[in-house]
Amino acid sequence: MFFLAILLLSDKPALMQGVIMIGLARCIAMVIVWNELAKGIASTQRAGGFNSVFQVLFYSVYAYVFITVLPRWFGLHGAAVNVSIGQIAKSVGVYLGIPFAAGS
């Protein structure tokens, strides 16, 4: 998604950032769908759990790196993100961490 965003949307930074952020978000819902199709195999359930944990722990770091650091490597200006890594982590913790903890 990162390469598609910089290739196709480099002239529209806001859209480019949105596509990058969507690409960084691992889809936990798809893990649930595949788990259902596989008739509840335990390894798929563990993969969903690991996916949730990694998303909570690392999404804020990935978002910062892919939106502010990496675009400069490709000759684009890094985004002036007005959000700190802590704020992104807090948001991810609320939207993913609370449901994950409640489901455990």
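The figures that follow rest on heavy atoms only: side chains count, while hydrogens, waters and symmetry mates do not. Here, residue 1 is the first one in the sequence, and each next residue gets the next number.
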Original post:
Rounded to the nearest 0.5 Å, what separation is found between the CZ atom of Phe3 and the CG atom of Leu70?
Top reply: 8.0 Å
Original post:
Got a sec, which residues hit ring pair (Phe, Tyr, Trp, His ring centres under 6.0 Å) with Phe66, two or more places apart in sequence or on another chain?
Top reply: Phe2
**OP:** Would you check if Ile6 and Met16 make a side-chain contact, meaning some heavy-atom pair closer than 4.5 Å?
**Re:** yes
**OP:** Taking all non-hydrogen atoms of both residues into account, name the closest pair between Ala5 and Ile20 and its distance.
**Re:** CB-CG1, 3.7 Å
**OP:** Return yes if some donor-acceptor pair links the side-chain N/O of Tyr59 with the main-chain N/O of Met21 below 3.5 Å, else return no.
**Re:** yes
